[in-house]
Chemist: 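This is the structure I want to talk about, given as structure tokens.
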Amino acid sequence: MIYREYGKTGKKVSTLGFGGMRFAEIDNRNVCVEMMVEAARGGVNYFDTAPEYFGTKGEEVFGEGLAELRRQGLPYYIATKTFKSSEKDIRNEIEDQLKRLGIETIDFYHIWCITNLPNWEKRKRKGILETFHKLKEEGLIRHICVSSHLIGDEIQELLMEGVFEGVLFGYSGYNFSTRQAAFKAITSKQIGCVVMNPLGGGLIPQNPEIFQFLKTQSDETVVEAALRFLFAHKEITVSLVGFDTLEHVREALKAINEYKPITQEQLNTIKGQAGRSFEGICTGCQYCDNCPEGIPIPKMMDAYNQKLLHGQDQDILSRLKWHWNVPQADAEKCTECGRCEEACTQHLDIINRLKYIAGLRP
Ligand code: SF4
Ligand code: SF4
């Protein structure tokens, strides 16, 4: 196992983290606990959950798993999150979370899922930061973190406020170009960086031929290559994998245990090759993101990617609604000025794609 310093917290965490959002058999507690024990025996000490994974069952299962880790003397850090903003709501939530998890302190507590900067401002006006600081003083949490779906300059702006000790965001061989800017702030502010969704929501294993460019070892699977791509980023403290089965835990442990260091030069080459492999696919580079009508083009095109890769119209709408929180109706605002298509590094037919999205039936 490789361990890295989590920002300035003084904690050393495993660079492979356990994400508790994908258990295949959430009601089979023995299997879930066995998965956590297997990971911890392999050196994983970072465990991440949330109050709404499988309803409240995600944290309950973690509570049982953590008890078993303590019984076996296996060390761990626990990360979870809250959507709440007001002090009263956060206090109610954390009380329940601590009970479910069977612990007295949460190591890494996240302000959950900032989707845009106005949303962040709104939460601040409700006093969320003051409440988090009080929880820290009271010993209920150890570190103040944030999870975000922002991209590009926005995520950088959020982190440069300097109020967080760590950040969690999606990052993979599929969408890396959308969040490169975050690394500047992470380095400058020395904060912990946890990335999730390393397999692009299943896109990478489902499309191995497109993601061949991630491979640096001839005998590795595309899944191993996708994880090793993340391990190679020195700015990434923890790469979270949402494990579904025991087999999946073992596969990820193998990826880290047989990891051969990838140089910065190799990493740059991999990123450079992505453009050629992603023909027809929006890479999220954001060169188009200057629409006079305010259309969030990279987010719209990312949603359209889901159709290209999965072949389903409904995947476009789900992505817009649940991942980006962008109204489908934004696609109708296009005046066909052509500015975005001129800027597009992949020469995509953005205007037609927007028309397609606008015409979809929810
Ligand atoms: S063509 Fe449409 S989406 Fe592109 S910049 Fe112009 S108005 Fe915006
Ligand atoms: S539409 Fe083109 S320019 Fe815009 S983010 Fe996607 S690939 Fe980049």
Side-chain angles (χ1 to χ4, degrees), residues 115-117 148-158 169-185 195 197 200-201 203-204 206-207 209-214 226 229 267-313 315-360:
T115 51
N116 53 56
L117 289 176
S148 153
H149 282 275
L150 299 177
I151 54 177
D153 293 342
E154 287 193 330
I155 189 164
Q156 196 176 351
E157 193 178 325
L158 176 77
F169 56 88
Y171 188 85
S172 69
Y174 157 64
N175 71 356
F176 61 86
S177 56
T178 57
R179 296 195 170 116
Q180 293 291 133
F183 292 138
K184 285 188 201 148
V195 298
N197 214 354
L203 289 177
I204 294 175
Q206 284 158 16
N207 300 275
E209 63 300 333
I210 293 178
F211 293 97
Q212 285 295 315
F213 70 91
L214 292 170
F229 169 75
L267 195 56
N268 293 343
T269 306
I270 292 171
K271 289 179 177 177
Q273 284 168 346
R276 286 193 288 284
S277 295
F278 285 167
E279 202 172 327
I281 292 179
C282 168
T283 60
C285 65
Q286 300 178 73
Y287 282 91
C288 61
D289 199 13
N290 192 19
C291 170
E293 306 307 316
I295 300 170
I297 302 169
K299 293 177 182 173
M300 286 277 175
M301 294 302 106
D302 170 81
Y304 190 87
N305 279 350
Q306 309 303 308
K307 174 183 166 56
L308 294 178
L309 295 166
H310 289 299
Q312 300 293 332
D313 286 345
D315 289 332
I316 299 180
L317 298 178
S318 296
R319 185 81 171 170
L320 281 178
K321 184 169 178 185
W322 300 112
H323 187 84
W324 293 121
N325 193 20
V326 166
Q328 179 192 6
D330 276 8
E332 294 169 17
K333 296 181 193 163
C334 178
T335 59
E336 303 188 23
C337 72
R339 186 193 285 196
C340 57
E341 291 194 355
E342 277 171 35
C344 181
T345 55
Q346 303 298 306
H347 309 288
L348 303 182
D349 53 344
I350 297 172
I351 297 172
N352 280 334
R353 291 182 182 199
L354 288 173
K355 281 186 191 164
Y356 191 88
I357 293 172
L360 291 174

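Read the numbers this way: they start at 1 and go in the same order the structure lists the ligands and their atoms. Quantities reported herein were computed from a predicted structural model and do not represent experimental measurements.
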Chemist: Pull out every atom of ligand 2 sitting under 4.0 Å from any heavy atom of Cys288, numbered as shown with elements.
Modeler: 1 (S), 3 (S), 4 (Fe), 5 (S)
Chemist: Check the pair Tyr171 / Phe183 against ring pair (Phe, Tyr, Trp, His ring centres under 6.0 Å), numbers first and verdict last.
Modeler: CA-CA 11 Å; Tyr171 188 85; Phe183 292 138; 5.2 Å; yes
Chemist: Does a side-chain heavy-atom distance below 4.5 Å link Phe229 with Leu267?
Modeler: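 They are in side-chain contact.
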Chemist: Minimum heavy-atom separation for Gly173 to Ile204, with atom names?
Modeler: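 Smallest heavy-atom distance, with atoms named: N-CD1, 4.1 Å.
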Chemist: Using a cut-off of strictly less than 2.8 Å, determine whether Cys282 has an N/O/S atom near atom 6 (Fe) of ligand 2.
Modeler: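 Yes - counting backbone and side chain alike, Cys282 has an N, O or S atom under 2.8 Å.
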Chemist: Is Lys333 salt-bridged to Asp330, cutoff N-O under 4.0 Å?
Modeler: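 Yes, charged N to carboxylate O under 4.0 Å.
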Chemist: Under 4.0 Å, heavy atoms only, figure out whether ligand 1 is touched by the backbone of Leu354, its side chain, both or neither.
Modeler: side chain
Chemist: Just wondering, do Cys282 and Asn305 contact through their side chains at under 4.5 Å, heavy atoms?
Modeler: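 Yes. Closest side-chain heavy atoms under 4.5 Å.
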Chemist: If I compare all heavy atoms of Leu317 with all of Gln328, which pair ends up nearest, and what's the gap?
Modeler: CD2-CD, 3.7 Å
Chemist: So, are Asp349 and Arg353 salt-bridged, with charged N and O less than 4.0 Å apart?
Modeler: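 Salt bridge between Asp349 and Arg353, a charged N being under 4.0 Å from a carboxylate O: yes.
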Chemist: Taking NZ, NE, NH1 and NH2 as the nitrogens, is one of them in Lys307 or Asp315 under 4.0 Å from a carboxylate oxygen of the other?
Modeler: no
Chemist: For the residue pair Ile350 and Cys344, what are the closest heavy atoms and their distance?
Modeler: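 Between these two residues, the closest heavy atoms are CD1-CB, 4.1 Å.
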Chemist: Run the numbers for me: atoms of ligand 2, each under 4.0 Å from some heavy atom of Met301, listed by number.
Modeler: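 Under 4.0 Å from Met301, ligand 2 has these atoms: 1 (S).
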Chemist: What residue and heavy atom of the protein are closest to atom 5 (S) of ligand 2, and at what distance?
Modeler: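 Minimum-distance protein heavy atom for atom 5 (S) of ligand 2 reads Gln286 N, 3.2 Å.
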Chemist: Is the backbone of Lys184 close enough, under 3.5 Å, to the side chain of Gln156 for a donor and an acceptor to pair up by distance?
Modeler: no
Chemist: What is the total of protein N/O/S atoms that are closer to atom 6 (Fe) of ligand 1 than 2.8 Å?
Modeler: 1
Chemist: Can you tell which part of Ile350 has a heavy atom less than 4.0 Å from ligand 2: side chain, backbone, both or neither?
Modeler: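 For Ile350, the contact with ligand 2 is made by the side chain alone.
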Chemist: Among all protein heavy atoms, pick out the one at the shortest distance from atom 8 (Fe) of ligand 2; state its residue, atom name and that distance to 0.1 Å.
Modeler: Cys285 SG, 2.3 Å
Chemist: May I ask you to identify the nearest protein heavy atom to atom 2 (Fe) of ligand 2, giving residue, atom name and distance to one decimal place in Å?
Modeler: Cys344 SG, 2.4 Å
